Amino acid sequence: MKVELQNLTKIFPSRSKKQGEEVVAVNNFTFAIPDGKLVGLLGPSGCGKSTTLYMISGLQKPSSGKIFFGDEDVTDLAPESRGIGLVFQNYALYPHMTVKQNIMFPLQNLKGEDRLPKEVMIERAYEAAKLVQIDELMDRKPSELSGGQQQRVAIARALVKMPRVLLLDEPLSNLDARLRLQTREEIRRIQKETGITTVFVTHDQEEAMSISDIIVVMKLGVVQQIGKPQEVYDDPKNLFVAKFLGTPPINVFEGKVSGGKLYLGEDAVLDVPGVSDRAVYVGIRPEAFIPMSDGPLQCEISNVEVMGRDVSVVSKHVASINPFVRSIVDADNKISVSDEFVRFYLKPHKVFLFDKETEQRLYFGNQKPASIEEM
Ligand code: ADP
Ligand code: MG
């Protein structure tokens with residue numbers, strides 16, 4: 001089921017007269033989620049992810065804009081008529097019911113013509129439970145399950161009505177690190193198996209990158225960039241997106257472009273043809289640095305962290321905005337903490353320039369904007 005958001009906007013009135021300002025939680029969000037894809041809605045806390053999800057679900061009414069499921073305008077449709085499955089961060093299972101009863105609950109609520117015979121309900125509950133691999137636990141109460149198992153029950157409950165669209169709001173946040181990883185792989189598998197169009201909300205960039213066909217990066221209610229995870233990582237449109245994606249995070253410098261060359265401090269570190277003379281922010285991915293004794297960028301070594309195949313060189317540079325510059329280089333380079341300085345060449349496609357005022361990307365050489373076609 002294709003899900004289309006058209007100029008979707010949500011404005012919350014101010015809570016008190018004194019506080020004044022209304023909150024534009026979601027601002028003019030337009031995007032068509034292709035049928036059968038998993039879209040990761042990503043951004044810091046308060047950027048409007050949940051509000052977007054609640055509008056798709058019908059739990060909140062948009063201030064303006066429209067929502068389509070396929071060709072059907074669902075903007076004014078009640079949540080229960082939309083054919084959605086919802087999963088929240090806290091599992092919200094009924095404690096007095098067994099797993100089976102919890103999963104069957106949405107089916108038991110169906111009225112009139114939609115009501116299914118009891119055997120069919122049980123069959124459906126087992127199918128959903130099998131999908132999330134909890135069919136052995138059907139007679140337990142939620143208190144007898146681990147967090148990960150409880151979240152699987154919640155997912156099974158969302159799947160049992162065979163939703164047209166699956167909506168997940170930070171579903172892994174309450175799980176410990178190992179379970180989080182396992183459950184996210186599980187969600188991905190289930191989504192692929194069922195082909196249900198899915199929106200997955202998270203503030204965790206790594207989670208979004210690893211699970212999504214498409215990511216949508218939001219900031220203060222405004223969509224910043226939409227694309228395949230790798231494309232957005234490789235070609236961020238602005239400084240915010242560049243900083244939000246990647247571990248370790250991108251290194252940011254203050255720089256200057258003059259005569260087609262990029263200067264960090266006094267040193268011309270890279271040719272940047274096509275950018276006019278100006279002050280810039282420079283984002284350099286940790287994997288951009290190539291250690292070479294004649295490299296143009298000199299950094300003062302603070303630490304070398306061994307990671308096996310690679311080493312992380314922690315260093316200082318006067319133009320760096322962060323206290324340290326983090327580079328990930330091949331361990332064969334034999335860089336040592338006892339060396340005072342290290343010199344680097346930079347891989348041009350891992351270096352991003354941003355206008356100092358607008359923080360929008362400036363493309364140089366053969367860099368070009370990521371496209372969202374062919375999704
Ligand atoms: P996220 O899920 O990305 O953390 P939300 O969608 O929950 O963000 O919130 C977006 C913005 O809208 C925040 O500034 C939040 O305080 C505000 N907001 C959310 N719900 C309400 C509400 N019911 N009333 C007023 N403001 C709200
Ligand atoms: Mg939220």
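Just follow the structure's listing: the first ligand is 1, and inside any ligand the first atom is 1. None of these values were measured; they are calculated from a predicted model.
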Q: Under 2.8 Å from the Mg ion (ligand 2), which protein N, O or S atoms are there? Could you list them by chain and number?
A: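 The answer, once waters are left aside, is S50 OG.
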
Give every pair made of an N or O atom of ligand 1 and a protein N or O atom lying under 3.5 Å apart, one pair per line with both atom names and the distance to 0.1 Å, or write 'none'.
{"from": "ligand 1", "atom 1": "2 (O)", "to": "S50", "atom 2": "N", "distance (Å)": "2.9"}
{"from": "ligand 1", "atom 1": "2 (O)", "to": "S50", "atom 2": "OG", "distance (Å)": "2.8"}
{"from": "ligand 1", "atom 1": "3 (O)", "to": "C47", "atom 2": "N", "distance (Å)": "3.2"}
{"from": "ligand 1", "atom 1": "3 (O)", "to": "G48", "atom 2": "N", "distance (Å)": "3.0"}
{"from": "ligand 1", "atom 1": "3 (O)", "to": "K49", "atom 2": "N", "distance (Å)": "2.9"}
{"from": "ligand 1", "atom 1": "3 (O)", "to": "K49", "atom 2": "NZ", "distance (Å)": "2.9"}
{"from": "ligand 1", "atom 1": "4 (O)", "to": "G46", "atom 2": "N", "distance (Å)": "2.6"}
{"from": "ligand 1", "atom 1": "6 (O)", "to": "T51", "atom 2": "N", "distance (Å)": "2.9"}
{"from": "ligand 1", "atom 1": "6 (O)", "to": "T51", "atom 2": "OG1", "distance (Å)": "2.5"}
{"from": "ligand 1", "atom 1": "8 (O)", "to": "G48", "atom 2": "N", "distance (Å)": "3.3"}
{"from": "ligand 1", "atom 1": "24 (N)", "to": "R15", "atom 2": "NH2", "distance (Å)": "3.2"}
{"from": "ligand 1", "atom 1": "26 (N)", "to": "R15", "atom 2": "NH2", "distance (Å)": "3.2"}

Would you give me the side-chain donor-acceptor pairs under 3.5 Å for residues 119-143, sequence neighbours excluded?
{"from": "R124", "atom 1": "NH1", "to": "V160", "atom 2": "O", "distance (Å)": "3.1"}
{"from": "R140", "atom 1": "NH1", "to": "E144", "atom 2": "O", "distance (Å)": "3.2"}

With no hydrogens and no angle check, just 3.5 Å: does a side-chain donor-acceptor pair link [X] and [Y]?
X	Y	answer
D267	Q298	no
D169	Y54	yes
R115	Q108	no
T202	E207	yes

Q: Measure from NZ or CZ of R285 to the centre of the six-membered ring of F352, then state whether that distance is under 6.0 Å and the direction lies within 45° of the axis.
A: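 No, a cation-pi geometry is absent between R285 and F352.
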
Q: Check salt bridge (charged side-chain N to carboxylate O under 4.0 Å, His left out) between K256 and all other residues, then give those that pass, not counting sequence neighbours.
A: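 With neighbours one apart ignored, the set is empty.
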
Q: Output yes when D73 and K66 qualify as a salt bridge under the 4.0 Å nitrogen-oxygen rule, no when they do not.
A: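 Here D73 pairs with K66 in a salt bridge, since their nearest N and O are under 4.0 Å apart.
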
Q. Parallel, tilted or perpendicular: which describes the rings of F105 and Y94, with under 30° parallel and over 60° perpendicular?
A.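 Correct class here is tilted.
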
